[in-house]
Asks: 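Before I ask anything, here is the structure I am working with.
Every number for a ligand or one of its atoms is a count from 1 in the order of the listing. The chain is numbered in sequence order, starting from 1. Everything numeric here is computed off the predicted structure, so don't read it as measured data.
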Amino acid sequence: MFSRQVKQFLKRSSSTLWPYLQRNYGAPSRQAKVTNDFVSSLKSIVGDKNVSTADAVREQHGHDESHHEIGLPDVVVFAESVQHVSEVSKLCNDNVVSLIPFGSGTGLEGGVNALEGGVCLDVTKMDEIIEVNAEDFDCTVRPGVMRIGLNNYLRDTGLFFPIDPGADASVCGMCATSASGTNAVRYGTMRENVLNLEVVLPDGRVIDTAGKGRRTKKTSAGYNLTNLFVGSEGTLGTITKATVRLYGVPEKTISAVCHFNSVQEAVDTVVQVLQCGIPMAKLEFLDDVAIEAFNKFSKFDMTVAQSLFLEFHGPALGLEDQFNTVKELIDMNNGFGLKTAIEADERNKLWKARHEMVWACCSLIPGSKPYSTDVCVPISHLPDVIVKTKEMIKEANVIGPIVGHVGDGNFHVFFPVDHADTETFKKVYDISHRMALLAMDRNGTCTGEHGIGMGKRDLLIRELGEEGVEAMRQVKKTFDPNGIMNPGKVFC
Ligand SMILES: Cc1cc2c(cc1C)N(C[C@H](O)[C@H](O)[C@H](O)COP(=O)(O)OP(=O)(O)OC[C@H]1O[C@@H](n3cnc4c(N)ncnc43)[C@H](O)[C@@H]1O)c1[nH]c(=O)[nH]c(=O)c1N2
Ligand SMILES: CCCCCCC(=O)C(=O)O
Ligand SMILES: [Mn+2]
């Protein structure tokens with residue numbers, strides 16, 4: 001199943017995986033510098049009301065939606081302007097105090113957890129939609145703008161921002177994690193959809209990654225600084241403005257569901273659909289275990305089998321043809337039970353239930369919380385990797401529904417885990433780690449969309465090699481020589 005190299009790594013590391021998880025990250029060197037004087041200086045920049053050392057506020061900002069242990073910041077600062085962000089950054093840099101940008105805390109790899117205390121910089125009050133250029137299909141927003149709010153605002157323009165991670169995340173937080181989700185197979189990920197970013201560097205300087213005010217669909221002007229900051233997880237600077245692409249709301253949308261007797265047949269269908277050049281908007285896989293949870297939680301009565309959820313976007317003319325071609329391919333691969341949802345209510349119900357899958361999975365074990373995994377492989381390897389993952393789950397005797405953005409070769413196991421049950425927690429951690437190794441062994445990545453955060457730093461080294469990570473460390477040093485930006489994330 002694994003290559004010899006991976007087997008050797010597993011043998012060497014299996015006894016060290018758990019201690020790794022348990023490792024105490026707290027190196028209090030920076031934490032010690034958040035003195036009363038320092039807090040007073042913060043207050044003089046942003047005002048008393050925008051600085052909090054209250055336990056409840058620190059607690060709320062010390063974790064995201066992941067299973068990772070909480071990391072409390074010493075103080076939470078609410079910025080109301082770019083000037084606030086710039087002056088707070090400079091103060092932290094001058095005093096070598098950690099600075100952790102906070103969007104909406106929906107991340108899944110402990111990105112906002114303050115591993116060394118310091119200042120959590122909450123940017124949600126900066127919530128202006130600066131401009132919408134409908135004819136140019138772009139808009140520019142401040143970091144407090146949330147994806148659903150943006151789409152509500154755009155409703156009358158006939159345009160939408162398609163990147164949909166399910167959670168209502170901040171658009172700039174989505175830039176910071178390079179988020180994607182269900183629509184990426186058609187519209188791409190954040191990497192393909194960010195045209196420009198305004199970033200406050202740790203020393204307080206403000207840069208525009210594509211040049212001030214620039215918002216072209218293409219550029220070959222020098223290095224791609226924009227994409228350096230997309231996926232940088234708050235480790236290089238604070239994003240204070242993002243210009244992103246918009247798309248026309250499709251004239252017609254058809255959603256559909258069908259089932260298969262094997263993972264291979266489901267994925268073969270997906271590959272053939274893509275080979276036919278059909279511009280699918282969503283191509284989601286749910287395994288039999290996931291469908292069972294889905295039925296129970298969201299009151300559906302779907303056939304319990306390997307399943308595909310599909311969505312077509314396009315002009316009314318021609319969309320039926322696309323649908324019929326896909327239907328033929330489903331039949332060719334022994335798919336069955338094809339059902340469509342055309343009316344908005346029906347479609348919304350289906351996709352709402354898909355986005356609530358993680359809670360459906362948790363309902364399988366009372367008192368459990370989600371432990372999400374996230375790997376991505378070239379699509380030809382997907383059946384093999386999913387089947388082997390199912391074997392690992394069976395062998396470990398844990399519950400592990402599989403859900404995937406299968407059109408991109410990306411999938412998750414949503415393990416429901418009672419955190420007090422350390423034996424299951426350890427098993428789940430081991431499977432998650434092995435899945436990442438397996439994916440990498442098949443030319444894949446340890447994270448398709450959730451990022452590295454604090455959870456996958458060792459895997460990043462395996463993925464890129466020591467030299468690759470060292471190159472990243474050098475980039476980090478260039479932008480953040482004092483290492484204040486979100487320390488302990490991405491790199492060990
Ligand atoms: C139920 C559910 C379902 C999903 C997901 C979450 C949840 C809870 N996600 C993950 C999540 O939505 C995604 O990581 C968001 O992009 C995080 O945005 P926040 O604003 O919440 O950032 P959050 O505050 O969580 O921060 C995340 C990271 O970005 C940094 N950051 C935030 N704002 C910043 C800024 N302005 N400048 C610099 N750094 C900043 C932080 O420091 C941290 O490292 C996801 N994702 C996905 O890709 N596909 C999916 O399918 C899903 N599905
Ligand atoms: C709180 C756990 C969230 C699980 C991951 C959600 C996700 O990526 C998805 O596709 O759904
Ligand atoms: Mn996902």
Side-chain angles (χ1 to χ4, degrees), residues 60-61 63-68 73 79 85 89 98-115 120-124 126 141-147 163-184 189-191 197-201 229-242 282 284-286 290 351 353-362 369-376 401-406 408 410-417 447-454 485-490:
Q60 192 212 335
H61 286 80
H63 66 90
D64 57 11
E65 297 281 351
S66 68
H67 58 275
H68 293 294
V85 176
S89 301
S98 306
L99 182 66
I100 303 126
F102 186 97
S104 56
T106 69
L108 295 173
E109 282 301 340
V112 296
N113 303 25
L115 303 184
C120 174
L121 185 59
D122 183 318
V123 287
T124 50
M126 298 168 67
V141 299
R142 289 288 178 204
V145 174
M146 309 293 283
R147 131 191 120 72
I163 314 301
D164 182 2
D168 189 15
S170 74
V171 173
C172 290
M174 289 170 63
C175 294
T177 60
S178 188
S180 44
T182 47
N183 286 330
T189 72
M190 288 307 282
R191 287 209 195 275
L197 294 172
E198 178 186 85
V199 179
V200 175
L201 298 178
F229 283 89
V230 175
S232 61
E233 303 190 36
T235 63
L236 298 178
T238 304
I239 300 167
T240 47
K241 189 165 86 176
K282 298 181 178 149
E284 295 281 303
F285 171 82
L286 283 85
W351 292 112
R354 158 61 186 91
H355 286 309
E356 286 174 359
M357 264 313 296
V358 64
W359 313 119
C361 297
C362 286
K369 289 191 193 149
Y371 186 124
S372 168
T373 69
D374 168 42
V375 296
C376 188
I402 295 181
V403 173
H405 312 297
V406 72
D408 304 316
N410 183 197
F411 73 96
H412 317 293
V413 185
F414 295 160
F415 290 108
V417 188
T447 172
E449 55 180 21
H450 297 165
I452 298 293
M454 61 192 272
M485 293 306 303
N486 208 358
K489 307 299 164 57
V490 183

Asks: For atom 5 (C) of ligand 1, tell me which residue out of L236, T189, L108 has the closest non-hydrogen atom.
Replies: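 Comparing heavy atoms across L236, T189, L108, the nearest one to atom 5 (C) of ligand 1 lies in L108.
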
Asks: Heavy atoms only: which of A176, G451, S170 is nearest to atom 29 (O) of ligand 1?
Replies: A176

Asks: What are the atoms of ligand 2, with element, lying closer than 4.0 Å to any heavy atom of P370?
Replies: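 Answer, ordered by atom number: 1 (C), 2 (C).
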
Asks: Hey, are E449 and R191 close enough for a salt bridge, meaning a charged N less than 4.0 Å from a carboxylate O?
Replies: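 No.
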
Asks: Counting both backbone and side chain atoms, is some N or O of T106 under 3.5 Å from an N or O of ligand 1?
Replies: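 There is such a contact, yes.
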
Asks: Where on E65 is there a heavy atom closer than 4.0 Å to ligand 1, on the side chain, on the backbone, on both, or on neither?
Replies: side chain

Asks: Give the numbers and elements of all ligand 2 atoms closer than 4.0 Å to a heavy atom of V358.
Replies: 2 (C), 3 (C), 4 (C)

Asks: Could you list the atoms of ligand 2 found under 4.0 angstrom from a heavy atom of H405?
Replies: 10 (O)

Asks: In terms of atom number and element, which parts of ligand 2 are under 4.0 angstrom from non-hydrogen atoms of H412?
Replies: 7 (C), 8 (O), 9 (C), 10 (O)

Asks: Is the contact between T235 and ligand 1 made by the side chain, the backbone, both, or neither, using heavy atoms and a 4.0 Å cut-off?
Replies: neither

Asks: Just let me know how H355 lines up against ligand 2, side chain, backbone, both or neither, with a heavy-atom cut-off below 4.0 Å.
Replies: neither

Asks: Looking only at heavy atoms of V403, does any of them come nearer than 4.0 Å to an atom of ligand 2?
Replies: no

Asks: Answer yes or no for H412: is there an N/O/S atom below the 2.8 Å cut-off from the Mn ion (ligand 3)?
Replies: yes

Asks: Distance-only, no hydrogens or angles: does the K489 side chain make a donor-acceptor pair with backbone N or O of L115 under 3.5 Å?
Replies: no

Asks: I'd like to know: is the Mn ion (ligand 3) within the 2.8 Å range of an N/O/S atom from D374, strictly under that distance?
Replies: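 False for D374.
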
Asks: Could you tell me whether H355 approaches ligand 1 through its side chain, its backbone, both or neither, with non-hydrogen atoms closer than 4.0 Å?
Replies: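 For H355, no heavy atom sits under 4.0 Å from ligand 1.
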
Asks: Examine ligand 1 and decide if any of its atoms is less than 4.0 Å from a heavy atom belonging to H450.
Replies: yes

